[in-house]
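A short worksheet on the structure shown next.
Worth saying up front: this structure is predicted, and the values here are computed from it rather than measured.
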Amino acid sequence: MNSIAEIFDNSKQLLDSIENFFDKYIGRPLLRKCGVIKMVDDIFVNSGMTYFDNPISRLLGDLKQSPVLEKVVSAKDLLIDKLLVCFAPASAYLMFKTDTFFRDYKQDTFYRFDKLPGANWERLQLETAKNVILDIESQTTDKHINALIFDDSLYARTGGKGTELCARVFDHNDHKTRLGYRMMTGGWTNGETFIPFAQSLLSTRDEKQMVGPNVRIDCRTLRGKRRAMAKTKGTLVVQHMVKQAHKAGETIRLCPV
């Protein structure tokens with residue numbers, strides 16, 4: 001079995017595969033629809049930018065130049081870099097520190113991309129999974145039985161007292177209480193492959209079991225909706241995921257749920 005470092009040695013082939021996946025199943029219009037936008041990497045002073053003398057400029061008169069210029073990084077490049085880091089032999093922090101990162105932008109830009117306030121990552125995952133599932137469905141026969149699978153495995157968070165909504169949760173594997181969350185994952189399967197279409201970190205409503213910060217936030221915002229979902233019972237979260245799955249892809253064949 002090849003190691004991650006050996007796979008990453010053939011980075012050109014890996015990059016082409018990720019870009020082909022992006023162009024086929026995601027695309028820039030879907031990013032804009034989900035609020036995933038470009039990031040400003042740097043701002044610097046516009047130093048003496050001149051325009052050639054021509055009839056149009058003389059008709060317009062004096063052109064007003066912006067006092068500053070912005071260097072931006074596209075959402076596509078940032079998202080692709082996020083995927084590449086998963087296969088890299090070193091962490092993003094070490095690559096930025098040793099100047100071996102894939103592209104020329106600041107480390108702060110890479111991490112601020114995760115905190116875009118208007119980014120609906122749940123919708124992006126659902127729409128991408130729908131496109132992948134529809135592609136698989138177009139190449140398979142009706143003999144396959146499709147179904148939805150849900151799992152709430154433990155997502156441990158050691159030393160998570162400073163992590164938002166981190167709590168003591170019960171681990172069904174070793175029947176012990178652990179610090180972290182329950183990762184509720186909803187996925188689609190046809191008996192041969194599994195495509196996750198929704199994920200949600202579940203905490204607890206019990207204030208005594210919660211060890212992380214619990215700040216009140218407007219539930220009309222995306223962040224507020226995620227926090228409200230984290231405090232919801234697992235069965236209700238599953239019902240919500242099923243509704244979202246049917247709403248996103250009504251043409252996907254499913255067995256009765």
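Minimum heavy-atom separation, L84 to I18: CD2-CD1, 3.7 Å. Closest non-hydrogen pair, L222 versus P117, comes out as CD1-O, 3.9 Å. Pairing each heavy atom of A245 with each of L126, the nearest pair is CA-CD1, 4.4 Å.
No chain of hydrophobic side-chain contacts below 4.5 Å, direct or via other Ile, Leu, Val, Met, Phe, Trp or Tyr residues, connects L202 to I217. Linking ILVMFWY side-chain heavy atoms closer than 4.5 Å, directly or via other members, places M39 and F22 in a single hydrophobic cluster. No chain of hydrophobic side-chain contacts below 4.5 Å, direct or via other Ile, Leu, Val, Met, Phe, Trp or Tyr residues, connects F197 to F194. Linking Ile, Leu, Val, Met, Phe, Trp and Tyr residues whenever their side-chain heavy atoms come within less than 4.5 Å places F110 and M95 in a single cluster. A continuous path of Ile, Leu, Val, Met, Phe, Trp and Tyr side chains, each step under 4.5 Å between heavy atoms, connects F21 with I195, placing both in one hydrophobic cluster.
Listed by chain and number, the residues in a side chain to side chain donor-acceptor pair (under 3.5 Å) with D135 are K24, Y25, Q139 (sequence neighbours excluded). Take S17 and apply the side chain to side chain donor-acceptor pair (under 3.5 Å) test, not counting sequence neighbours, and it matches no residue. Remark: D218 pairs with R220, T221 by the side-chain contact (heavy atoms from CB on, under 4.5 Å) rule, at least two apart or across chains. Among residues two or more places apart in sequence or in another chain, the side chain to side chain donor-acceptor pair (under 3.5 Å) test is passed with R168 by none. Every residue was checked against the side chain to side chain donor-acceptor pair (under 3.5 Å) condition with D104, not counting sequence neighbours, and none meets it.
Applying the salt bridge (Lys or Arg N to Asp or Glu O under 4.0 Å) test to residues at least two apart or on different chains, the pairs with a partner in residues 77-93 are D77-R103, D81-R103, K82-D114.
Here the side chains of F150 and V242 are in contact, with some heavy-atom distance below 4.5 Å. Between T185 and Y155 the shortest side-chain heavy-atom distance does not fall below 4.5 Å. Side-chain atoms of C34 and W121, non-hydrogen and from C-beta on, never get closer than 4.5 Å to each other.
Classified by interplanar angle (parallel below 30°, tilted 30° to 60°, perpendicular above 60°), the ring pair F96/Y111 is tilted.
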(request) Start with the C-alpha gap between K71 and D41, add the side-chain angles, then the distance that decides, and say whether salt bridge (Lys or Arg N to Asp or Glu O under 4.0 Å) holds. (result) CA-CA 5 Å; K71 176 186 175 183; D41 181 54; 3.6 Å; yes

(request) Please test R226 against E164 for salt bridge (Lys or Arg N to Asp or Glu O under 4.0 Å), starting from the C-alpha separation and ending with a verdict. (result) CA-CA 11 Å; R226 293 188 187 107; E164 193 173 8; over 6 Å; no

(message) Set out, in order, the CA-CA distance, both residues' side-chain angles and the distance that settles side-chain hydrogen bond (donor to acceptor under 3.5 Å, both in side chains) for D151 and S153, then state yes or no.
(response) CA-CA 6 Å; D151 177 72; S153 299; 2.3 Å; yes

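Between K76 and D23, at least one side-chain N (NZ, or NE/NH1/NH2) sits under 4.0 Å from a carboxylate O, which counts as a salt bridge.
For R227, the CZ atom counts as densely surrounded, since its 6.0 Å shell holds more than 12 non-hydrogen atoms of other residues, nucleotides or ligands.
Proximity of a side-chain donor or acceptor of S203 to a complementary backbone N or O of L165 within less than 3.5 Å is detected.
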